[in-house]
Structure formats: structure tokens, C-alpha cells
Amino acid sequence: GGQAALRELPQALPQVVLLEIRLTDMPGAECIRRLRAQVPGVQIVVLSSTLESRFVFEAMTAGATGYLLKESAPGRILEAIPEVVNGGSPVAPAVARMLVERFHDDALTPADLDGLSEREEEVLRLVAQGFRAKEIAVDLKISVYTVQTHVRNIYEKLEVRSSAEAVARYFRSGRM
């Protein structure tokens with residue numbers, strides 16, 4: 001449970017934690033907040049069977065870096081670990097859609113993307129089309145590391161914490 005994670009993980013200093021959001025002994029979002037405070041730099045990916053919007057939003061607001069469903073292919077779950085370490089934000093397609101719909105209500109203008117370089121906007125366009133970092137790297141003939149650097153820069157410039165938020169802004173900008 002959450003209490004055991006809070007007791008044991010600070011000594012282990014993991015880079016990535018896969019966490020079920022519906023814990024029996026404490027709210028999952030609280031566990032995420034406390035883990036991030038106790039283990040600086042830890043990346044937390046929720047791995048849950050729960051697709052309820054309140055749990056998704058609470059997890060992301062608390063600092064989760066990704067949100068996958070337990071029904072995801074085992075290979076996808078394994079891919080998420082290095083992806084999140086390298087600056088990615090793995091989310092299940094249904095979660096990405098939920099987050100995009102959540103941001104449809106935000107009043108964003110095309111000027112919101114003006115700070116992005118042409119290459120960053122190109123990377124964001126490919127992310128919005130559902131391509132992974134490896135695929136983007138091949139398409140643009142750059143390294144995966146460079147793609148991940150562009151993604152981190154996009155997050156910083158758009159002041160977002162996930163690819164879903166960045167994609168939502170991109171759609172709302174009218175440039176898609």
C-alpha cells in the first residue's frame with residue numbers, strides 16, 4: 001500500500017515508480033505528492049485499471065508523469081520506464097483523450113505556440129499524431145535523445161507537464 005511505499009522507497013531512491021492510484025490505505029494522489037517530496041526527481045507512472053476522470057486528474061495534478069492502464073500490452077508498460085526517465089510522459093490513449101477534452105475549455109490562442117522553434121512545433125505535431133519518440137527520431141532523422149530534449153523544451157515553453165497537455169494546447173492553437 002501507500003504507507004509501505006512511503007516507508008521503503010525513500011531508501012531505495014528509485015528513478016521510476018509504477019503506482020496503482022486506488023490504494024487501500026491512503027488516497028493515491030496523496031501518496032504521489034508525498035513520494036515526490038521524499039524522493040526528489042522520482043518519476044511516477046500510474047498503472048491502474050481505473051479510468052475515472054477524477055482519479056486521472058488527481059494523479060496528474062499530484063505530480064504523476066504518466067498514466068497507463070493495466071490492460072496495456074506488457075511491452076508498452078516496459079517501454080514506459082525508459083520513456084519517462086528520458087523526459088517522456090507515457091499515457092494510455094483513452095487518458096490522453098480525456099486530458100485533451102479537459103483542456104478544450106481553456107482559452108488558448110495561436111500566440112501560445114509562438115515561442116516554439118520550427119523543429120519543436122514539428123515534433124509537437126508528430127506527438128499529436130500519436131508517434132512515439134523512436135518513430136519521430138526516425139522520421140526527422142535525429143536521435144531519440146534529441147527528440148526527448150525537444151519535448152522537454154516544449155513542456156517548459158508551454159508551461160505544461162505532459163504530452164497530453166501539450167497536444168491539447170496544439171489543437172486549441174488552430175495550427176493542427
Hphob cluster co-occupancy, Val56 + Val45, side-chain heavy atoms under 4.5 angstrom: no

Working for side chain to side chain contact (heavy atoms under 4.5 Å, CB included), residues Arg76 and Glu83: CA-CA 10 Å; Arg76 176 63 185 124; Glu83 183 179 340; 2.7 Å; yes

Hphob cluster co-occupancy, Phe57 + Val95, side-chain heavy atoms under 4.5 angstrom: yes

ILVMFWY cluster, Leu47 and Leu78 together (side-chain gap under 4.5 Å): no

Polar side chain donor-acceptor pair, Thr146 to Thr149, under 3.5 angstrom: no

Side-chain donor/acceptor of Glu122 to backbone N/O of Arg119, under 3.5 Å: no

Heavy-atom pair of closest approach, residues Leu68 and Ala80: CD1-CB, 3.5 Å

Atom pair CD/NZ of Glu121 and Lys157 - distance to nearest 0.5 Å: 11.0 Å

Ile136 with Val144, same ILVMFWY side-chain cluster at under 4.5 Å: no

Test item: Thr50 side-chain N/O and Glu52 main-chain N/O as donor-acceptor pair under 3.5 Å: no

Contact summary for Ala62 and Ile32, nearest pair of heavy atoms: O-CG2, 3.6 Å

Check: Ser89 side chain, Thr65 main-chain N or O, donor-acceptor pair, under 3.5 Å: yes

Working for side chain to side chain contact (heavy atoms under 4.5 Å, CB included), residues Glu30 and Leu23: CA-CA 10 Å; Glu30 177 63 21; Leu23 300 171; over 6 Å; no

N-O pairing of Arg132 and Glu135 below 4.0 Å: no

Chi angles and distances behind the side chain to side chain contact (heavy atoms under 4.5 Å, CB included) call for Arg34, Gln3: CA-CA 10 Å; Arg34 291 175 60 188; Gln3 295 295 338; 4.3 Å; yes

